[in-house]
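Just so it is clear: chains get the letters A, B, ... in the order the sequence lines come, proteins before strands, and each one is counted from 1.
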Number of protein chains: 2
Amino acid sequence: MERHFDEQLTVLKQTLIRMSALSESMITDAIRVLCERDASAIPHIREHEEEVNRLQIEIDSLCMRLIALYQPTACDLRFILGAVKTNSDLERMADMAINICDKAERLLPESPLDPLATTSLPEMAALAGLMVKESLHAYVNRATDRARIVLLRDDQLDDMNRRITADLLALMQKDSGMIKRALDLLIVARNLERIGDHATNIAENAIFVVKGLDVRHHHER
Amino acid sequence: MERHFDEQLTVLKQTLIRMSALSESMITDAIRVLCERDASAIPHIREHEEEVNRLQIEIDSLCMRLIALYQPTACDLRFILGAVKTNSDLERMADMAINICDKAERLLPESPLDPLATTSLPEMAALAGLMVKESLHAYVNRATDRARIVLLRDDQLDDMNRRITADLLALMQKDSGMIKRALDLLIVARNLERIGDHATNIAENAIFVVKGLDVRHHHER
C-alpha cells in the first residue's frame, strides 16, 4: 500500500514537472515569436497548449485517486492539495503564454520597438521563465529556501514591469502612431508579471507543504 | 460521524458564500470609487480584503480537516477539492477589486471619461459581479444549469471588454493628453474581464462536482 502510494506520488511529481516544462517553453517560444518576428514556433506553442490542457485534467484525477485510495494525512495531504492548486497555476501560465503568442502573431507584420523587443521584454521573460522552473522545483522537492528565492524574484519582476510600462507610456505620448503597438507590448508585460504571480503562488504552496505555515498575505520578503 | 461531516460541510459552504459576498461588494465599491470619484468606500474595500485573506486560510484548513477526518469519496471529495480551487478564485477576484481600487484612488483628482465612467464600465462591473454571485450559487447548490449560464455570460463580458478597449484606443489616438487616464481604465476593464474568468472557473468546478464531467477546455457554449 505504502509502496503503491509512493509510486503514484512520483507519477504526480513527474506530471507536474512535465507540465511546468511545457509552460516554460511556451513562454520562451512566445517571446521569441514576438521579439524576433519569427513565426516558426507558433504551431509548437499551440500543440503544447493542448498537452497542458490534457495534463491539467490528468493531474486533477490523479490527486483525487491518491486521496480516495490512500487517505493520506498531514504533509502528504498538504502536498496533494497543493498539487491541485499548483496545477491550476501552471495551466494559467500556459494561458498567459497563449495571450502573448496571440499578440505576437498580430504584430508579425509590424517592425519591432527597440529596445523593448531586443532587451527589456526578453529579460523580463527570462526572469519569469526562471521563476516557473524554480517554483516547481521548490514544490516537488519541498525545498523552502528555493521557494523563498522565488518570492524575492517576484519583486524584481514587478519592478521590470513598472519600468517597461513607463517606457511604453512615454513612447505613446511622443508618437500617437505607436499607441496600438505599445498597448500590445504593455499587455505582454502584464502577462509576464502575472506568470510571476502564479510562480509565487506555487512557491507559497511549497512552504505550506513543508512547514504547514501559510505565508500568503504576510511574506517575509 | 455522518452528521458531523454534514455540519462541517455546511460551515464550508457558508464560509465560501461569505467570501464571495465580500469579493462581490469589493468589486461594486471599487467601481463606485472609480466612476463616481467617491473615496468614502476605500477603507471598507481594504478591510474587506483583509477579511478575504483570513477566510482564504480558514477555508483551506477546513477542507484539509474534512478530508483528513472523514475521508470523503466521489461527489463529496470532488466538492471539497473544488472548494480548494474555488477558494483561490475568490481570493484572486478580491485581488482584482484591489487593483481597480488602486487605479480609482490614483484617478480621484482627475475628471471622469464619459461615457466610459457613466455607462460602459459600471455595466461591465455589474455583469462581472452577477457572475461572481451566480457561479458561487451554482457551486454550493451543485446547480449545473446555473453554472452553464455563467459560461455564457463570460462571452458577453469578453465582448464588453473588446468594445471598451476599442473605445479607449480611439480616445488615446485622438488626444494624447488622455493616454494615461485611458490606460488606467483599460487595465480596469481587463481586471473585470479576469474576474469573469475566475467566475467561469468556479462554474466549471460546479459542473465537475455534479457530473464528474470536466468541461474545461471544451465548453458546450
- Side chain from CB out, backbone as N, CA, C, O: work out which of these in A:Glu91 comes under 4.5 Å of a heavy atom of chain B, or both, or neither. side chain

- Take B:Ile187 and A:Leu186 through the test side-chain contact (heavy atoms from CB on, under 4.5 Å) and record every step on the way to the result. CA-CA 10 Å; B:Ile187 302 296; A:Leu186 194 125; 4.1 Å; yes

- Message: Let me confirm one number: the CE-CD1 distance from A:Met64 to B:Ile80, rounded to the nearest 0.5 Å.
- Response: 10.5 Å

- Task: Counting only heavy atoms closer than 4.5 Å, note whether B:Asn201 contacts chain A via side chain, backbone, both or neither.
- Result: side chain

- chain B: which of A:Glu50, A:Glu49, A:Met172, A:Gln56 shares the most heavy-atom pairs with it under 4.5 Å? A:Gln56

- For A:Arg54, is it the side chain, the backbone, both, or neither that has a heavy atom closer than 4.5 Å to a heavy atom of chain B? neither

- Heavy atoms only: give me the nearest B:Lys85-A:Ser88 pair and the separation to one decimal. CD-OG, 3.8 Å

- Query: Hey, which of B:Leu183, B:Asn87, B:Asp60 has the most heavy atom pairs under 4.5 Å with chain A?
  - Reply: B:Asp60

- Query: Just how far is it from atom CG of A:Leu168 to atom CD1 of B:Ile179, taken to the nearest 0.5 Å?
  - Reply: 11.5 Å

- Would you please test A:Ile67 and B:Leu81 for side-chain contact (heavy atoms from CB on, under 4.5 Å) and show each step? CA-CA 10 Å; A:Ile67 294 176; B:Leu81 290 184; 3.9 Å; yes

- For chain A, which of B:Arg190, B:Arg194, B:Lys180 has the most heavy-atom pairs under 4.5 Å? B:Arg194

- Looking only at B:Leu77, B:Asp197, B:Thr73, most heavy-atom pairs under 4.5 Å shared with chain A are made by B:Leu77

- Do NZ/NE/NH1/NH2 and the carboxylate oxygens of B:Asp89 and A:Arg92 come within less than 4.0 Å? yes

